[in-house]
Every structure is written in C-alpha cells, then in structure tokens.
Amino acid sequence: MADPNDANFYNPADLESRWQKKWDEDGLYHSDIDPKRPKYYALTMLPYPSGDLHIGHWYAMMPPDARARYKRMQGFNVLFPMGFDSFGLPAENAAIKRNIHPKTWTYANIDKMRGQFRSMGAMFDWRREAVSSDPEYYRWTQWFFLQFFKNNLAYRKMSPVDWCPNCNTTLAREQVWGDDRHCERCNTPVIKKNLEQWFFRTTQFADELLDYSKIDWAERVRVLETNWIGRSEGALVRFKTECGEEVEVFTTRPDTLWGVSFMVLAPENPLVNKIATAEQKQAVTEYVNQALRQSDIQREATDKEKTGVFTGGYAINPVSGEKVPVWIADYVLMTYGTGAVMGVPAHDQRDFEFARKFGLNIRVVIQPEGLDALDGKDLTAAVPAYGVMVNSGNLTGTPADEAKKAAIVFVEKLGVGKASTNFRLRDWLISRQRYWGAPIPMVYCPICGTVPEDEANLPILLPDDVEWKPTGESPLKLHPTWKDTTCPQCGAAAVRETDTMDTFMCSSWYHLRYLSPHYAEGPFDPKEYAYWMPVDIYTGGIEHANMHLIYTRFFHKALHAIGILPDTEPMIVLRNQGMVLGEDSEKMSKSRGNVVAPDKLVAQYGADTVRAYLMFFARWEQGGPWSSTGIEGSARWMRRVWSLFTDPASGGKPDPEMLQSIRRKLHQTLAGVTRDFENLEFNTIISALMELLNELMRAKQAGVAYTPVWKEVLEIYALMLAPIAPHMAEELWQRMGKPYSIHQQHWPVVDQAAAADDMITLIVQVNGKLRDRISIPVGTGDEDARHIALASDAVQKALEGKQPRQVIVVPGRLVNIVA
RNA sequence: GCCGGAGUGGCGGAACUGGCAGACGCGCACGACUCAAAAUCGUGUACCCUCGGGUAUGUGGGUUCAAUUCCCACCUUCGGCACCA
C-alpha cells in the first residue's frame with residue numbers, strides 16, 4: 001500500500017509544488033475590481049523581512065488564508081494581499097555586524113521569504129505586493145508627513161524624550177515597555193534626553209480613538225487601548241500665588257477643593273523659579289537638580305517614600321480664600337495635566353503620604369455614607385470614596401451624586417476654573433536617529449525657518465553611501481553632502497532634516513498601498529479605494545494594540561479630517577491570533593532551543609498538514625503549545641482523507657436508513673463548518689471534518705460507496721477541504737473528473753431537510769440526575785414526552801415509589817422529574 | 001494598587017441560547033495484520049466503587065427543577081497599566 005510509485009500514494013511534495021506552479025501560471029488568485037461581485041478585503045499584518053518565516057508567521061497567515069478562501073468560495077471578490085514592512089533597525093544591525101548594506105540584506109531576505117510564502121499555498125495576489133522601503137512606496141509616506149505638517153498635525157518641539165542607548169535613537173512613548181521602561185525592540189532600559197523632535201498630534205484624536213461604536217474590534221484590544229489612552233474627566237482650577245503668578249491644576253475631584261491644604265509643582269515646572277522665595281531658593285535648586293539626575297525608574301517607583309521641598313511661596317485657594325503652602329515634589333509629573341496638583345491629603349493617598357511626612361494639615365471635606373464622622377487627625381489613610389460634602393462653605397451638605405458637578409459650576413461662576421478632560425495618551429514622537437527609514441521631508445532655511453519640501457521633489461531618496469555605525473546622531477547627518485539643499489521657498493542654501501521616520505509611519509497606511517502599489521498619481525488609486533475599502537477583517541498579533549493599531553486609526557482619522565480619506569476607520573473587524581508556544585509551553589526562542597521550523601515541517605508532512613494542524617491544535621485567538629506528536633494526528637487525517645477518495649471500497653447492499661443518516665451527518669457538518677468559518681473557530685472545523693470522516697470510513701465498508709449519495713458526499717467533503725488543504729483538495733477534485741479549479745467553485749449549500757434529525761435523544765432526569773435516555777421522534781409533544789419519561793423503568797426505580805412533585809419538560813431535549 | 005483574560009482527564013482542547021460534561025486529536029493499553037518491526041486497522045481509556053451506583057469543570061457560597069455556563073467572595077496564573085492628580 002505504501003508504495004511511492006503508486007499513483008494512489010499520497011505524495012504532498014509532488015502534488016503541492018505541481019499545483020502551486022499551475023495556480024501561479026493561471027493567475028488563479030488575482031483579485032481585480034469586479035462591480036458585479038461583493039468585495040471582501042481580508043488583511044493580515046505584514047511581516048518584517050527578517051529573512052526567515054517562523055511558525056508564528058504561519059499561524060498568523062494560514063488560518064486567515066483558509067478563511068479568505070472560504071469567503072471567496074462564498075461568492076465574494078476577495079482581496080488578500082501581502083507585503084513587507086522593510087524599513088527598520090534589524091537591517092542596520094545586520095549591516096553593522098556583517099558589513100552588508102542594509103538594502104542588500106533587506107532585499108535578499110524579501111526574496112527568500114517570497115519563496116517561503118509560496119510554499120504555504122496561500123492565495124496572496126503578488127501583483128499587489130507593497131514593500132515599504134521602495135522609493136515608490138516611501139515617496140507617499142513622506143507625502144503623508146507633509147499633509148500632516150501643512151494641517152498642523154505634525155510639529156517639532158524640544159522636550160525630554162525616551163532614548164534607547166542600545167538602538168541609539170529616540171522612541172515613541174508606546175515603544176517603551178514594562179516597569180523597567182525598556183525599549184520594545186531590544187529590551188534595554190531607556191534614558192531621558194532633551195531633544196528637538198517631530199511629533200504627530202495623536203492626542204487631538206483621543207476621544208475619537210476611544211469610540212469603537214462603528215467597528216467590531218476584539219474586546220481585549222479595546223480594553224488595552226482604552227487603558228492606554230486613559231481618559232479622565234475633571235476640572236482645571238487656577239490658584240493665585242503671593243508672587244502674582246497663577247498655578248493651574250487639573251483635578252478629577254473638584255468636590256474636594258475645600259480640602260486643599262498645600263499645592264505641589266513638578267520639579268521641572270517653569271513656575272518653580274518664580275514662586276520660590278529667596279530663603280528657600282538653595283534648597284529648591286538642590287532638590288530640582290537631584291530630581292533631574294534620577295532616572296524615571298527610580299523616580300516613578302511607586303513604593304518610594306515621598307520627597308519634596310517647600311518653595312517658601314503660598315497660593316490662595318480660590319474657593320475658600322485660604323492661604324496654602326506651595327511645595328515641589330517628584331511625585332508630580334510635568335508630562336501629565338499641568339505639571340501641578342492641589343494637595344488634598346484627606347482624600348488622596350499620595351497627598352496623604354506627603355502631608356504626613358511633612359506635617360501638613362489634613363482636612364476632611366467629604367463624608368462617605370455609612371462611615372463614622374471622619375476627622376483628619378485620626379486618618380491612617382486617605383478616604384477616596386465619594387460622599388456628602390462637609391466643611392465646604394456654601395456647598396456643605398451637597399450629596400455625593402451632585403458634589404463634583406456642583407463644585408465645577410461653582411468654580412466656573414467664580415471665573416477660576418472649568419470642566420476639563422485629560423488623557424494619558426501622548427503625541428506620537430516619530431523622529432528616529434537612524435539610517436534605514438524614510439527621510440523626514442523637511443528643510444531648515446536660515447531665512448524662512450522650517451520649510452516643507454516641495455511635493456514635486458518627493459521622494460527624498462535615502463543615500464546609499466553612508467556610514468551607518470551608530471553614533472547617536474542620524475547617519476544622514478554625517479553624510480558629506482546629502483543634507484545640503486536649497487530652500488524650497490526662497491532658494492537659499494539650506495539643510496535637510498536628517499532624522500528618519502518611525503517605521504510605524506510606513507505600516508500605518510500599507511493597506512492603502514496594496515490597492516495600487518505602483519500608482520504614481522497619489523498614495524492609492526481612488527477607484528481601487530472606492531471598491532475595496534474599508535478592510536473587512538484585519539488579523540494579527542495583539543502586541544501591536546498600543547502601537548500600530550492606534551497609529552493606523554489615527555492616520556485614518558487625521559486624513560479624514562484633512563479631507564484625504566472618506567472614512568474615519570480603516571478596519572471594520574479586528575481579530576487577533578494567540579501565540580504558538582514551544583513544546584515546553586514556553587515562548588519560542590533560540591536560546592531555549594524550542595523553536596519549530598516550518599520549512600522542515602513542510603518538507604516532512606507537506607503544507608496542507610501544517611495548515612490543518614495550525615488550525616486544529618488550539619483555539620486560534622488563544623494559541624498554545626506546539627506538539628510534534630500532535631501534528632502526526634493531522635498527518636494521519638490527511639492520509640485517511642486521501643484513502644477515502646482513492647482506495648477501493650467494498651461492495652454490499654446499501655441500507656436506505658444508513659444513506660439517510662450519512663446525508664444527515666454530511667449536511668449537519670457542513671452547517672457547522674460554515675458557522676465556524678464565519679466565527680474563526682478553526683479548531684472545531686477540523687474536528688467536525690475528522691468526525692465526519694470517521695463515519696464515512698465506516699459507511700464506505702458498508703456498501704454506500706456505489707450510490708449517488710456517495711458522489712454527493714465526496715464532492716461536498718472536497719469542497720469543505722479546499723480552504724484548509726488547498727493542494728490535496730485540488731488534486732482529489734481533478735481525480736474525480738471535476739472541472740478545474742476547485743478554488744473557483746461555490747461553497748456548498750446546506751440541505752436543511754437532509755440535515756434535520758427525525759429522532760432525538762430525550763434526556764430523562766430525576767432530581768436533576770441523568771436516569772435514562774429515550775429515543776423519540778422529533779416533534780413529540782410535551783405531554784407525550786412527559787408520559788414516555790414517567791413510563792421509563794429507570795425512572796420508576798429512581799423514584800422509589802415517591803410521587804413526582806413537578807415535571808419540567810424542555811421541548812425536544814429533556815424531561816426533569818422532581819420528587 | 002487599577003484594568004482585563006484564563007483555570008475542564010495523563011496532554012492539547014470540545015460543549016451553539018442555563019439542559020447528556022470530556023466531542024475531536026495526542027498519548028497509553030490490548031487485539032488484528034507481520035517472521036519481526038514500522039505503517040495501517042479495530043477495541044478500550046475522568047476518578048471512586050460493595051457493579052446498585054457515587055463523585056467530578058481552581059476553592060467556598062448563592063440563584064435555579066437544572067450551572068463549565070449566571071451572581072458574590074477568594075485562590076492561582078497570564079497580559080496590560082501604574083505616584084496619570
């Protein structure tokens with residue numbers, strides 16, 4: 001039986017490469033505008049061209065490929081493109097290590113990966129490939145930058161920014177991770193530097209980014225992003241100081257305003273110098289210097305004891321007229337709110353610790369319901385709960401549910417404050433001091449100042465001849481001539497911006513470039529946009545929740561505001577796959593030695609088996625550990641499917657009841673597989689097909705194979721297999737004498753009548769415990785079911801002569817007898 | 001500390017709307033085929049048991065005729081945020 005020369009032997013290596021070649025030649029997976037068919041844009045996150053596809057890429061791409069194929073069979077005109085996010089640091093690091101040009105390294109990797117992609121049997125339309133480091137691509141990345149600049153959505157400012165000392169570049173706030181504040185790429189803890197950098201006004205769209213009402217995005221992503229954006233509602237309140245300067249604070253608890261017993265400024269706050277008195281100046285300066293020397297990690301450690309210094313100055317509480325001391329302390333951050341807070345020690349734990357440490361007054365102004373009357377002197381911790389206002393002037397007695405609003409109305413009436421909303425989200429820092437990225441198309445002119453490059457001059461090409469050793473300065477700055485240019489406005493000698501753009505800029509709009517990757521009149525062809533956009537389903541890793549996924553939505557919202565895009569959302573549905581772990585249930589890594597290499601698996605089992613196993617082994621959105629014995633099960637299934645179609649069947653008399661039951665199982669399975677494909681529940685698709693196969697294998701030995709039903713069975717089985725194992729399905733389809741290609745066939749339609757059960761198993765319980773199962777016809781009435789159940793011997797025995805007190809009948813399912 | 005997810009056999013995992021817990025697969029055991037092995041096929045496989053049954057979905061409560069599913073508290077674990085006013 002296992003003779004490789006036998007035409008009936010399953011030989012994936014042979015048939016997979018054969019069909020891949022044919023599909024390629026025939027352009028089977030080309031997607032072109034077709035107004036007669038509904039479109040479906042299925043998008044999977046594009047990879048960085050590291051040079052090797054790992055099993056994680058397969059997991060991210062193959063189940064979505066199967067679903068895209070299924071959608072196509074359903075009659076949709078499906079666009080399922082692929083490309084490369086090919087700018088970025090690893091190319092430079094490889095160049096430094098091996099002395100290869102980053103461009104050479106990148107494009108060699110892309111070539112290799114295209115070949116690997118082909119071996120997957122995916123339906124990518126390669127004519128639509130987009131490569132972000134191609135000048136015809138980054139020309140438009142630069143063009144988008146200019147649109148942002150011209151519409152005041154890009155700006156340059158000097159500020160303390162996160163710097164990765166290993167990558168030698170600044171990072172966006174989103175790229176700094178964890179409690180040690182490390183670089184997302186290389187895990188090195190970042191440091192702060194004061195630098196002039198380019199930013200995008202992402203914060204301007206914070207509220208819009210929080211609105212998910214028009215899109216169906218995975219809940220966990222929405223939660224992560226909502227936390228990240230960090231909206232809080234409150235009020236801005238201005239306090240006058242004795243020196244004449246005003247200090248504005250943001251508070252979420254305006255109801256506690258009468259409890260202010262001090263104020264605190266961030267050490268970096270420019271007001272510090274003005275408010276500090278001569279006697280305190282030295283102490284203040286010392287504290288500020290010490291705070292600036294500390295790293296963020298030291299400074300922001302929450303378990304650290306509070307420190308601070310009195311400025312000598314006083315502020316006036318605008319609601320009570322009371323004089324309160326102004327302090328500086330490093331627990332107040334310059335980067336959030338106004339860089340100053342009002343100290344309400346009775347109702348804020350941080351303020352409480354500060355007040356206790358420095359002997360400041362603690363006054364209770366909120367009395368939560370159900371607690372004994374509070375007294376500041378006795379408190380051991382702050383009481384943040386809401387409650388009735390006390391000791392609060394004419395607002396005393398205001399109940400909890402009105403207190404906040406009433407306080408805001410009050411400060412508005414006094415003209416010292418207003419309602420306000422604050423976000424944790426920061427503007428997106430996009431400058432990078434590295435070579436392998438799109439140059440920022442700006443020019444610094446001694447006469448005109450900061451000037452955007454002419455759109456006609458795009459792309460501003462990256463020079464090939466650079467020294468890319470990392471110095472902390474952009475390699476473009478060190479190039480002898482590249483930065484020299486003339487001012488686009490006045491023609492004077494000027495210099496270019498030498499930083500390049502964050503690669504997240506490139507990936508914020510690649511889904512638009514796929515529409516028309518060689519279009520020269522704009523970033524995308526509007527005709528293609530009108531037909532294909534928005535993306536119907538977007539899939540990828542969840543690690544991008546607070547980076548790429550926020551940025552790409554920002555792009556759409558900003559470009560919509562400018563009038564370039566008609567939509568405010570790029571992707572309607574978002575789903576995220578889990579991670580394939582090593583066999584030891586740990587994250588795969590070279591150092592652990594638990595890495596699974598897909599190329600080897602394809603050589604050993606064929607792509608179809610790898611695809612099937614990736615769909616089967618875990619819930620796709622959850623992921624799980626790889627199993628090298630587990631994949632044997634999928635390989636076995638493939639071989640059994642093969643033999644179902646190709647091995648001779650035994651004869652015999654077909655039993656009509658069996659034929660009916662086979663058709664029922666077939667159409668029930670089809671209904672389940674269809675539903676599961678819609679819901680991306682890939683693992684149960686495979687198990688349903690395995691279950692059906694098991695039944696078919698038995699039927700085949702019972703004479704069913706020589707009936708018309710068997711033809712229907714094989715046809716539908718092959719069609720259901722087509723999205724999962726495209727090569728084998730095509731081969732079997734051909735051997736059945738069906739017209740090429742199976743991938744152009746329509747998804748089979750469920751025969752509801754055939755799928756309907758005629759008998760059901762009635763579950764009979766006594767006091768909730770299973771006592772009997774009785775087969776009864778579908779449609780048996782509740783009364784009949786009740787009688788049948790009560791007549792059961794097992795029930796009578798379990799009742800032990802007791803009378804049923806209650807009988808619950810769930811139609812078509814179950815009878816529960818309570819005695 | 002705050003926010004969110006997850007805890008089901010030896011293992012990966014099923015269970016659509018509160019209604020048969022453990023589908024499907026791996027592993028294991030036994031059997032068939034074989035000189036033998038591999039492959040393949042078949043049978044069995046949660047736990048306990050006095051063979052009547054009994055107990056089981058992280059733990060403890062609750063709601064219900066009925067809970068893996070709903071509610072409350074807790075434990076473990078994973079992820080995110082964290083002196084964000």
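Proteins get letters first, then strands, A, B, ... in listed order; numbering begins at 1 in each.
In this structure, A:Arg424 reaches the bases: a heavy-atom distance under 4.0 Å links it to at least one base atom across the strands shown. Across all strands shown, A:Gly578 has no heavy atoms under 4.0 Å from either base or sugar-phosphate atoms. Nucleic acid contact for A:Arg173: sugar-phosphate only, since backbone atoms but no base atoms lie under 4.0 Å from a heavy atom of the residue. Across all strands shown, A:Asp351 has no heavy atoms under 4.0 Å from either base or sugar-phosphate atoms. Using a 4.0 Å heavy-atom cutoff across all strands shown, A:Asn422 reaches no nucleic acid atom at all. Residue contacts shown for A:Lys769 are limited to sugar-phosphate atoms, with no base heavy atom under 4.0 Å away. Using a 4.0 Å heavy-atom distance criterion, A:Arg619 is classed as a sugar-phosphate-only contact. The residue A:Phe617 sits close only to the backbone: its heavy atoms come under 4.0 Å of sugar-phosphate atoms, none of a base. Contact annotation for A:Ile763: base contact, defined as any heavy-atom pair under 4.0 Å involving a base atom. A:Arg698 comes within contact range of no nucleotide atom at all, as no heavy-atom separation falls under 4.0 Å. Using a 4.0 Å heavy-atom criterion, one finds that A:Trp228 contacts the sugar-phosphate atoms exclusively. Nucleic acid contact class of A:Ser232 (heavy atoms, under 4.0 Å, all strands): sugar-phosphate only.
When the nucleotides B:G13, B:C83, B:G80 are ranked by their closest atom to the side chain of A:Tyr331, B:C83 comes out on top.
One finds no side-chain N or O of A:Arg640 lying less than 4.0 angstrom from the OP1 or OP2 phosphate oxygen of B:A39. Checking the phosphate oxygens (OP1, OP2) of B:C11, no side-chain nitrogen or oxygen of A:Ser627 falls inside 4.0 Å. Applying the 4.0 Å criterion to OP1 and OP2 of B:A14, one finds that A:Asn683 has a side-chain N or O inside that range. Between A:Arg639 and the phosphate of B:U40, there is a side-chain N or O to OP1/OP2 separation shorter than 4.0 Å.
A cation-pi geometry, defined here as NZ or CZ lying under 6.0 Å from the six-membered ring centre and within 45° of its normal, holds between A:Arg553 and A:Trp217. Both cation-pi conditions hold for A:Arg253 and A:Tyr386: the charged atom is under 6.0 angstrom from the six-membered ring centre and inside a 45 degree cone around its axis. Remark: A:Arg424 is positioned above the aromatic ring of A:Trp228, its terminal NZ or CZ atom under 6.0 angstrom from the ring centre and at most 45 degrees off the axis.
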Watson-Crick and G-U pairing of RNA chain B written in dot-bracket, each distance under 3.5 angstrom, with | for inter-strand partners: (((((((..(((......[....)))((((((.......))))))(((....)))..(((((..]....))))))))))))....
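Annotation for A:Lys418: atom NZ does not count as buried by contact number, only 12 or fewer foreign heavy atoms lying within 6.0 Å.
Under a 4.0 Å N-O distance rule, the pair A:Asp207/A:Arg231 qualifies as a salt bridge. The pair A:Lys665-A:Glu691 meets the salt-bridge criterion, with a side-chain N (NZ, NE, NH1 or NH2) lying under 4.0 Å from an Asp/Glu carboxylate O. Under the 4.0 Å criterion applied to side-chain N and carboxylate O atoms, A:Glu305 and A:Lys357 are assigned as salt-bridge partners.
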Can you name the atoms? Protein N/O to nucleotides 62-67 of chain B N/O, anything below 3.5 Å, with the distance.
| residue | atom | partner | partner atom | Å |
| --- | --- | --- | --- | --- |
| B:C65 | O2' | A:Asn816 | ND2 | 3.2 |
| B:C65 | O2 | A:Asn816 | ND2 | 2.7 |

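Between A:Trp637 and A:Phe616, the distance from one ring center to the other does not fall under 6.0 angstrom.
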